[in-house]
*Asks:* 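Mind having a look at this structure? Questions to follow.
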Amino acid sequence: MLKKLTAAFAILLMVAGIHSPALADNHGEPPIEELEAQFESFIFPEVENGMLTDYDSLDRLEQDMNGIMTFPLTDHYLDTYFIERDGDVVIRATEGPMLVDFDQDFTLEKVNNDHYKLTQTGHNQLRGDYTIEIDYSYEAGKWVFVDRMDIVGTESGGELPDTATSMPLMMLSGGLLMAFGAMMIFRRNRVNG
Amino acid sequence: MRKKLGFLIFLIGTSVVAWNGYTWWDQGQSVTHQAQEIKQAHPSWNEQQPLKTVQSVSSETHAVNEHATGEAVGSLDIPKLGKGYPVFWGSDEDTLTKGVGMYDSQWTVTPNQNGHVVLSGHRDTVFRNLDTLEPGDHLYVTYNNISYDYQIRETWITDQHDRSVIVSKMKPTLTLTTCYPFNYIGSAPDRYIIQADLVAADPASEI
């Protein structure tokens, strides 16, 4: 019975997977200026003594930010720019992200009906040459940011050292292997029993 | 048969976890946690107001470095974190497993010369909690028995391929680089940058 249910569920998923792109509507272009204004209001909010005037918890800020971007991106911006301290949300003392300057040239490329990509290159007095790349995605009936990256500087210097380690990932993989192995041993024992 | 295979997979998984766990732990051992001693050795560590930048540290601007890759060349103390790190020459994979690496390139120098000193470290073994540092905090690099006091001016996050960070500088500047996001599992796509200016240079005191 369980096998039949699993098979039915798998078939349902396959059918949904095959048909969903075909059913995709044309949602037009994302409202880039409106989204950028909302992004600016979240990242450069009104502050008093470094504390946000409109928010007293990161949860509330997260809830509102999720209205214009996908969760991993919200998480990134909250981690990078804000701290919650004694019932207040405080802005971290770090350089903010670049914003799109709509008075300057930019390109908006349609990747598909649900995905657009904006690119702008420019020059900033403080940080020199930069490129902004923003990906918009149509999710749950509206356009949201799914990724945005500032690539600052085209000046040719040294490559940043590879300070990433794969040890936590390897440990996680090892843990999964252990769980899988234990499951095989356990299942065999149960069949024997 | 299935039980044997399951046992083998379990054993391989255990080995992978044990080996990587040990390597992770072992690499973190290069960091010393002597908060009290490190703070005492650098009495000015808590001066948060911006101090005047030292524009020139030496008349020697083109000294030849004769360090071998992986050689211990000095140390880095961060009193705010209560941590001290050994610094090794180079920033290749092997050197970074020992501790903090001093970048060797045409754009960078050692602390006793005018220019850009770059130190790099793994975020999950040596440079943990680096994101808690803020402009105004002090970083102390000991090199050739001189303690160089740098004050953080700016921190930012950039793409791993950004070639505008490790560039030549005229005044004595220290840059720390590590991976970002700090809690990312896998090869982190960004880099966390901390840039500081030299504010003092004194004979090093023993910790």
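Numbers restart at 1 for each chain; the letters A, B, ... are given by sequence-line order, proteins then strands. Heavy-atom basis, side chains included; hydrogens, waters and symmetry copies ignored.
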*Asks:* Once rounded to the nearest 0.5 Å, what's the spacing between atom CD of B:Gln160 and atom CG of A:Asp162?
*Replies:*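 Those atoms lie 7.5 Å apart.
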
*Asks:* Looking at chain A, which one of B:Val16, B:Asp92, B:Thr97 has the largest number of heavy-atom pairs inside 4.5 Å, strictly under?
*Replies:*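 When all of B:Val16, B:Asp92, B:Thr97 are compared, B:Val16 has the most.
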
*Asks:* Heavy-atom distances under 4.5 Å only: say whether B:Ile193 touches chain A with side chain, backbone, both or neither.
*Replies:*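 Answer is side chain: those atoms of B:Ile193 sit under 4.5 Å from chain A.
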
*Asks:* A side-chain contact here means heavy atoms from C-beta on lying under 4.5 Å apart; do A:Pro161 and B:Ile166 qualify?
*Replies:*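 Of all side-chain heavy-atom pairs linking B:Ile166 with A:Pro161, at least one is under 4.5 Å.
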
*Asks:* Does any N or O in the side chain of A:Thr163 come within less than 3.5 Å of the main-chain N or O of B:Cys179, such that one atom is a donor and the other an acceptor?
*Replies:*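 It does hold such a pair.
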
*Asks:* Above 12 or not: heavy atoms from other molecules or residues under 6.0 Å from CZ of A:Phe106?
*Replies:*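 Result for CZ/A:Phe106: enclosed.
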
*Asks:* Supply the atom-to-atom distance B:Ile12 CD1 to A:Phe180 CZ, rounded to the nearest 0.5 angstrom.
*Replies:*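 So the gap between those two atoms works out to 11.5 Å.
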
*Asks:* Got a second to check how far B:Tyr103's OH is from A:Glu159's CD, nearest 0.5 Å?
*Replies:*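 Here the interatomic distance stands at 6.5 Å.
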
*Asks:* Is it the side chain or the backbone of B:Ser91 that comes within 4.5 Å of chain A heavy atoms, both, or neither?
*Replies:*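 B:Ser91 touches chain A through backbone and side-chain heavy atoms alike.
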
*Asks:* Let me confirm one number: the NZ-CE distance from B:Lys3 to A:Met184, rounded to the nearest 0.5 Å.
*Replies:*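 Atom-to-atom, B:Lys3:NZ and A:Met184:CE are 12.5 Å apart.
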
*Asks:* Please examine the side chains of A:His76 and B:Tyr180, heavy atoms only from C-beta on, and report whether any two atoms are closer than 4.5 Å.
*Replies:*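 Counting from C-beta outward, B:Tyr180 and A:His76 do come under 4.5 Å.
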
*Asks:* Heavy-atom pairs under 4.5 Å with chain B: which of A:Ala179, A:Gly158, A:Gly181 has the most?
*Replies:*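 Sorted descending by pairs with chain B, the first entry is A:Gly158.
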
*Asks:* For B:Tyr192, which atoms come within 4.5 Å of any heavy atom of chain A: side chain, backbone, both, or neither?
*Replies:*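 Looking at B:Tyr192, nothing touches chain A.
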
*Asks:* Can you check whether A:Leu160 reaches B:Thr158 side chain to side chain, under 4.5 Å on heavy atoms?
*Replies:*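 Yes, their side chains come closer than 4.5 Å.
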
*Asks:* CZ of B:Phe10 to CD1 of A:Ile185: how many Å apart, nearest 0.5 Å?
*Replies:*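 Here the interatomic distance stands at 6.5 Å.
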
*Asks:* Within a 6.0 Å radius of atom CD on B:Glu47, are there more than 12 heavy atoms belonging to other residues, nucleotides or ligands?
*Replies:*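 Check passes, neighbour count above 12.
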
*Asks:* For A:Met178, run the side chain to side chain contact (heavy atoms under 4.5 Å, CB included) check against B:Thr14, B:Ile9, B:Leu11 and tell me which one passes.
*Replies:*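 Considering B:Thr14, B:Ile9, B:Leu11, a side chain to side chain contact (heavy atoms under 4.5 Å, CB included) with A:Met178 is found only for B:Thr14.
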
*Asks:* Please indicate whether B:Lys4 has more than 12 foreign heavy atoms, meaning atoms of other residues, nucleotides or ligands, lying under 6.0 Å from its NZ.
*Replies:*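 Atom NZ in B:Lys4 is not packed in, count stays at 12 or less.
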
*Asks:* Name the region of B:Thr125, side chain, backbone, both or neither, that has any atom closer than 4.5 Å to a heavy atom of chain A.
*Replies:*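 Side chain only.
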
*Asks:* Tell me, for B:Arg123 versus chain A, whether the close heavy atoms (under 4.5 Å) come from the side chain, the backbone, both or neither.
*Replies:*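 Looking at B:Arg123, backbone and side chain both touch chain A.
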
*Asks:* Please give me the minimum heavy-atom distance between A:Gly175 and B:Val17, naming the atom from each residue.
*Replies:*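 Minimum heavy-atom contact is N-CG2, 3.4 Å.
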
*Asks:* If you tally heavy-atom pairs under 4.5 Å against chain A, which of B:Asp190, B:Thr155, B:Val165 wins?
*Replies:*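 Heavy-atom pair counts peak at B:Thr155.
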
